[in-house]
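Everything below concerns the one structure shown next.
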Amino acid sequence: MKVFINKRIPEIGIHMLEEAGMEVFIPNHENLSHEEWLIHCQNHDAVLSVGGEFRYDRDFFEHCPDLKTIALYSVGFDHVDTKEASRRNIPVGNTPDVLSKATSDVAFLLMQSVARRASYNFQKVKDGNWGDFDPLHALGQELYGKTLGILGLGRIGFEMAKKSQKAFDMNIIYHNRHHNEEAENELGAVYVSFEELISQSDVLSIHANFTPEQKDLFNASVFEKMKPESIFINTARGGFQNEKDLYEALISKQIWGAGLDVTQPEPMSKESPLLELSNVCVLPHIGSATIEARTGMAKIAAENIIAFSRGEKIPYCVNPEVYQ
Ligand SMILES: NC(=O)c1ccc[n+]([C@@H]2O[C@H](COP(=O)([O-])OP(=O)(O)OC[C@H]3O[C@@H](n4cnc5c(N)ncnc54)[C@H](O)[C@@H]3O)[C@@H](O)[C@H]2O)c1
Ligand SMILES: O=C(O)[C@H](O)CO
């Protein structure tokens, strides 16, 4: 099988594919145009797809009739029309679990950074403005015993809830498509409605999978129902937040602060007004950026393609209906 990888991944993944007898092609420059990417997909049996900038939609599939499988180098698959892939008998794989700890670590890091005003204080040091010990200045808030609300309590949400409870004895409430019994039994997590989630959370952290219907779910009407001391965290997808409304909510002190690993669009413009606010911390989509997670992702993506090449079901499949 001929496999196209649009960006270099940890060597282990490439090695596994080559060991299994595949011909692997990786372009020698990374910023592929849409057209270049499409041509490579047309000329290969499988694509190991890194990043979310290329969309696997109906138009894509029409242009690539010979592509047989897609192995995403991500757990999120919001850039793939999975129904269309299934209709064309194309199994699509993702990389769950191996990045749950790393990504939830980033949500946890953002929660603490915002609560203790890390961006603001770091900027002061960089500006040569260390300042005297001041009992009334740069005060953050403590997280102990507060309520963490999770939207989308799946794999990553569970890890975030677990570490927040262990570290800060936080109460966990959540809203999900279905009850998460493990979280209810192990962490005492309480299922609430979306309205209760937004009005009761001291920290609200998004860990749901993004779908187009959820675009701008967090908009002015939601922010105004949140607590004035609440912290908004998003490590899922930037499409969940209306950034203009988020900015308004922050400057009008409807909420206390925001920590984002994902923005809309990505990359965020350096002119974004959100970057001027001292109660905001933005990271450039680094949730899974650890050696361990990225290595695990490379192995899983390779396993998906190898299983496909052997005529087996791919082990991590986001469109299982393709096998029915
Ligand atoms: N920042 C990063 O680098 C990074 C890294 C990994 C994953 N992610 C994002 O995190 C997402 C979650 O990953 P996961 O492995 O935990 O997925 P998961 O499928 O285990 O969990 C997601 C949960 O969200 C729920 N859900 C979806 N929409 C919802 C809604 N509107 N309301 C309530 N619940 C909803 C689902 O039922 C599911 O239980 C991914 O889809 C991806 O977009 C980001
Ligand atoms: O969905 C994912 O896995 C991330 O966004 C990339 O690591």
Side-chain angles (χ1 to χ4, degrees), residues 52 72-78 94-116 118-119 142-192 197 201-210 214 218 230-241 257-263 266 280-300 316 318:
L72 302 174
Y73 189 74
S74 64
V75 70
F77 53 93
D78 44 294
N94 72 342
T95 60
D97 295 320
V98 287
L99 44 56
S100 299
K101 287 197 164 55
T103 307
S104 59
D105 285 348
V106 167
F108 189 79
L109 163 81
L110 286 168
M111 173 172 78
Q112 288 185 81
S113 301
V114 176
R116 295 303 303 271
S119 302
E142 295 187 13
L143 295 165
Y144 298 93
K146 297 229 166 123
T147 296
L148 169 65
I150 303 238
L151 180 73
L153 188 50
R155 294 170 288 240
I156 299 173
F158 183 83
E159 292 296 328
M160 172 64 174
K162 192 165 75 175
K163 72 183 106 232
S164 302
Q165 189 170 72
K166 274 198 178 157
F168 296 119
D169 204 13
M170 295 180 88
N171 306 307
I172 311 298
I173 59 175
Y174 75 104
H175 182 68
N176 209 23
R177 293 246 160 91
H178 48 81
H179 279 258
N180 183 324
E181 281 174 18
E182 192 187 2
E184 291 182 5
N185 295 336
E186 277 186 33
L187 310 173
V190 176
Y191 187 95
V192 293
L197 186 86
S201 298
D202 296 308
V203 176
L204 195 151
S205 191
I206 308 180
H207 299 283
N209 338 74
F210 184 69
Q214 311 199 76
F218 285 81
S230 65
I231 294 173
F232 174 78
I233 303 294
N234 189 1
T235 56
R237 283 293 180 263
F240 276 111
Q241 71 231 351
L260 311 174
D261 185 46
V262 287
T263 62
E266 288 180 11
V280 171
C281 181
V282 182
L283 298 174
H285 203 141
I286 55 153
S288 66
T290 64
I291 295 162
E292 293 83 352
R294 293 281 166 88
T295 304
M297 291 161 73
K299 285 186 193 165
I300 289 187
Y316 304 92
V318 298

Out of curiosity, [X] [atom1] to [Y] [atom2], how far, rounded to the nearest 0.5 Å?
{"X": "Leu151", "Y": "Arg177", "atom1": "CG", "atom2": "CZ", "value": "9.0 Å"}
{"X": "Met160", "Y": "Ile206", "atom1": "CE", "atom2": "CD1", "value": "11.5 Å"}
{"X": "Asn234", "Y": "His207", "atom1": "CG", "atom2": "NE2", "value": "8.5 Å"}
{"X": "Leu99", "Y": "Arg155", "atom1": "CG", "atom2": "CZ", "value": "8.5 Å"}
{"X": "Gln165", "Y": "Glu186", "atom1": "CD", "atom2": "CD", "value": "10.0 Å"}
{"X": "Glu159", "Y": "Ser164", "atom1": "CD", "atom2": "OG", "value": "10.5 Å"}

Between [X] and [Y], what is the shortest heavy-atom contact and its length?
{"X": "Thr103", "Y": "Ser288", "value": "OG1-N, 3.9 Å"}
{"X": "Pro96", "Y": "Asn94", "value": "CD-OD1, 3.2 Å"}
{"X": "Val98", "Y": "Thr95", "value": "CG2-O, 3.9 Å"}
{"X": "Leu153", "Y": "Ala183", "value": "CD2-CB, 3.4 Å"}
{"X": "His179", "Y": "Tyr174", "value": "CA-OH, 3.4 Å"}

[Y] and [X], any side-chain heavy atoms less than 4.5 Å apart:
{"X": "Val203", "Y": "Met170", "answer": "yes"}
{"X": "Arg294", "Y": "Tyr73", "answer": "yes"}
{"X": "Val106", "Y": "Leu110", "answer": "yes"}
{"X": "Asp105", "Y": "Thr290", "answer": "no"}
{"X": "Ser205", "Y": "Met111", "answer": "no"}
{"X": "Ser119", "Y": "Cys281", "answer": "yes"}
{"X": "Asn176", "Y": "Tyr191", "answer": "yes"}

Ignoring hydrogens and geometry, is there a side-chain-to-backbone donor-acceptor pair from [X] to [Y] under 3.5 Å?
{"X": "Gln214", "Y": "Asn209", "result": "yes"}
{"X": "Asp78", "Y": "Phe210", "result": "no"}
{"X": "Gln241", "Y": "Val262", "result": "yes"}

| said: Could you check, using the six-membered ring where one of them is a Trp, whether Phe240 and Phe232 have ring centers closer than 6.0 angstrom? | reply: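 So the answer is no for these two rings.
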| task | Could you point out which residue of Leu148, Val114, Asp202, Leu204 forms a side chain to side chain contact (heavy atoms under 4.5 Å, CB included) with Ile231? | result |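 Single side chain to side chain contact (heavy atoms under 4.5 Å, CB included) partner of Ile231 among Leu148, Val114, Asp202, Leu204: Val114.
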| message | More than 12 heavy atoms of other residues, nucleotides or ligands under 6.0 Å from NZ of Lys101: yes or no? | response |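 Counting neighbours around NZ of Lys101, 12 or fewer heavy atoms of other residues, nucleotides or ligands fall under 6.0 Å, so no.
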